[in-house]
Amino acid sequence: MEAVQNIFTKFLENKPIFVNREALTISFTPESVPHREKQINDLSRILAPALKGGKPSNVFIYGKTGTGKTLVSRLVGTELERTSRGLGASPTKAVYVNCKMKKAADTEYRLLAGLSKEFGKNVPFTGLPTDQVYQIFFNTLDSTKQNLLLIIDEIDSLIEKTGDEILYNLTRINQELSNSRVSLIGITNNLGFIEMLDPRIKSALGEEELIFPPYNALQLQDILKSRASLAFVSGTLENGVIEKCAALAAQEHGDARRALDLLRVAAEIAERNAEETVRLAHVDVAQGKIDLDRVIETVKAQPRQSQAVLYSIMQLADKNSNVQTGGVFEVYHNICAQHALKPLTQRRISDLIAELDLFGIITTKIISRGRYGRTRIITINLSDTVRKRLKNLLYEIFL
DNA sequence: AGTCCACAGGAAGGGCAGGCGA
DNA sequence: TCGCCTGCCCTTCCTGTGGACT
């Protein structure tokens with residue numbers, strides 16, 4: 001007990017590092033967004049007609065992860081909503097949906113059900129025909145006599161899953177409504193995405209386009225500095241910590257989210273070690289920890305079958321470097337037999353392998369060996385620490 | 001030049017769960 | 001309770017393919 005008490009008293013005795021930890025998370029909405037003034041102004045100008053009852057153009061926003069797309073659209077959306085409550089303005093509601101959120105807005109049905117709910121009408125989460133859900137949404141929206149600014153984040157994953165008909169329907173929605181107007185903001189990090197769309201939808205949705213370029217290291221430093229001033233007790237950061245986080249994140253592709261994560265995790269590590277300053281070494285540890293956590297969490301969330309496939313891949317990779325689909329399927333079959341798991345078909349395993357690649361846990365490459373067929377060559381490119389932990393995890397699961 | 005391997009990956013559809021209204 | 005709807009996971013069947021081998 002004494003040991004526990006020691007930890008607690010020591011923790012209390014330590015000077016705190018954080019004033020406001022939230023300021024370093026992605027859910028935090030800062031008052032200003034450095035280096036995005038142009039995008040904010042452009043977007044505001046495009047959306048402003050909504051305040052006078054007009055229909056603003058639909059907007060398409062491109063940019064890689066962590067370039068401020070979501071933040072800027074939410075910020076402008078909220079501001080528009082607030083201003084629209086003022087005198088003489090036409091009431092507007094900004095609704096943000098993320099299509100990658102499982103069970104929320106990843107299908108046409110769920111998106112519409114979620115939107116109806118935003119306007120106070122509950123729709124069962126399955127069961128109704130889709131056209132009926134459309135009707136419910138139309139009627140609910142029209143009866144509220146509000147304009148809707150619909151921000152659809154990761155719109156490419158919605159289209160990939162459900163086809164582009166939903167966008168066609170949404171862009172035509174205004175013809176069905178008499179009291180309300182709908183404008184769309186589509187956000188994607190897939191630059192080639194709009195080229196895949198039906199030309200009708202392309203012209204309807206891409207009335208305006210905004211590009212969010214990646215941040216460079218100096219810009220990332222500014223962002224980190226402004227957040228750090230809110231988050232930390234002054235003098236907590238060792239010289240060069242911000243610069244290091246910015247440089248590491250700039251190497252990826254100018255991802256501000258990554259930079260903020262690095263800084264936050266580095267500080268949390270310092271805090272846990274009962275240190276009063278965040279040092280450069282903490283950033284190194286943070287870098288490794290973020291990778292590890294991401295992989296472990298992803299694998300834990302996978303269904304058993306997918307874990308079995310990964311386990312097979314890891315077993316094979318330990319023995320030889322040439323891991324390919326056929327071999328994985330064989331080992332997988334043995335694992336299934338040992339663990340009373342019903343084996344899936346090779347077709348399905350092929351999809352599961354592709355999925356693991358998508359998650360970034362393995363890397364696959366399709367090659368042709370001529371006479372000896374075409375196959376996927378699978379490699380695991382994780383650091384030794386991550387790999388070891390992953391092996392332990394899978395070993396525990398398939399004990 | 002033709003064959004053939006070992007798969008990739010598209011299309012269609014089965015079966016189940018969760019949920020509706022009648 | 002029944003018929004119907006959607007989403008999800010999966011199977012079955014199929015066509016496509018790069019290049020070593022004959």
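A note on names: the letters A, B, ... follow the listed sequences, proteins ahead of strands, and every chain is numbered from 1.
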Check against side chain to side chain donor-acceptor pair (under 3.5 Å), Ser312(A) and His333(A)
CA-CA 9 Å; Ser312(A) 321; His333(A) 243 270; over 6 Å; no
Just do the side-chain contact (heavy atoms from CB on, under 4.5 Å) check on Leu148(A) and Phe137(A) with the steps written out, would you?
CA-CA 12 Å; Leu148(A) 168 64; Phe137(A) 171 57; 3.8 Å; yes
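With hydrogens and angles ignored, no donor-acceptor pair closer than 3.5 Å exists between the side chain of Arg376(A) and the base of dG9(B).
Rounding to whole angstrom units, CG of residue Asp351(A) and C1' of dC7(B) are separated by 13 Å. Atom CG of Leu344(A) and atom C1' of dG9(B) are 17 Å apart (whole Å). In this structure, the CD atom of Glu355(A) is 12 Å from the C1' atom of dC8(C), given to the nearest Å. Rounded to whole angstrom, the span from the NZ atom of Lys365(A) across to the P atom of dA6(B) amounts to 20 Å. Across the protein-nucleic acid pair, Gln305(A) atom CD and dC9(C) atom P stand 12 Å apart, rounded to whole Å. Between Ile377(A) atom CD1 and dA6(B) atom P the separation is 13 Å, expressed in whole Å. Per the geometry, CG belonging to Leu341(A) stands 10 Å off P belonging to dC10(C), to the nearest Å. The interatomic distance linking Leu112(A) (CG) with dG7(C) (C1') rounds to 15 Å, in whole Å.
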Per-nt protein contacts along nucleotides 14-22 of chain C (heavy atom under 4.0 Å; B base, S backbone sugar-phosphate only, - none) come out as ---BBBBSS
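Remark: aromatic rings of Phe212(A) and Tyr62(A) are distant, center separation not under 6.0 Å.
Residue Ser350(A) has a polar side-chain atom (N or O) positioned under 4.0 Å from OP1 or OP2 of dA8(B). At the phosphate of dC10(C), OP1 or OP2 sits under 4.0 Å from a side-chain N or O atom of Arg348(A).
Between Asp153(A) and Lys69(A) there is no salt bridge, since none of the side-chain N atoms of the basic residue sits less than 4.0 Å from a carboxylate O of the acidic one.
Partners of Phe398(A) under the ring pair (Phe, Tyr, Trp, His ring centres under 6.0 Å) rule, at least two apart in sequence or in another chain, are Tyr311(A), His339(A).
Checked against dT12(C), dA8(B), dC10(C), the side chain of Ile366(A) finds its nearest nucleotide in dA8(B).
Judged by distance alone, the side chain of Arg36(A) and the main-chain N or O of Thr67(A) form a donor-acceptor pair under 3.5 Å.
Listed by first and then second residue, the salt bridge (Lys or Arg N to Asp or Glu O under 4.0 Å) pairs that reach into residues 351-361 of chain A are Arg347(A)-Asp351(A), sequence neighbours excluded.
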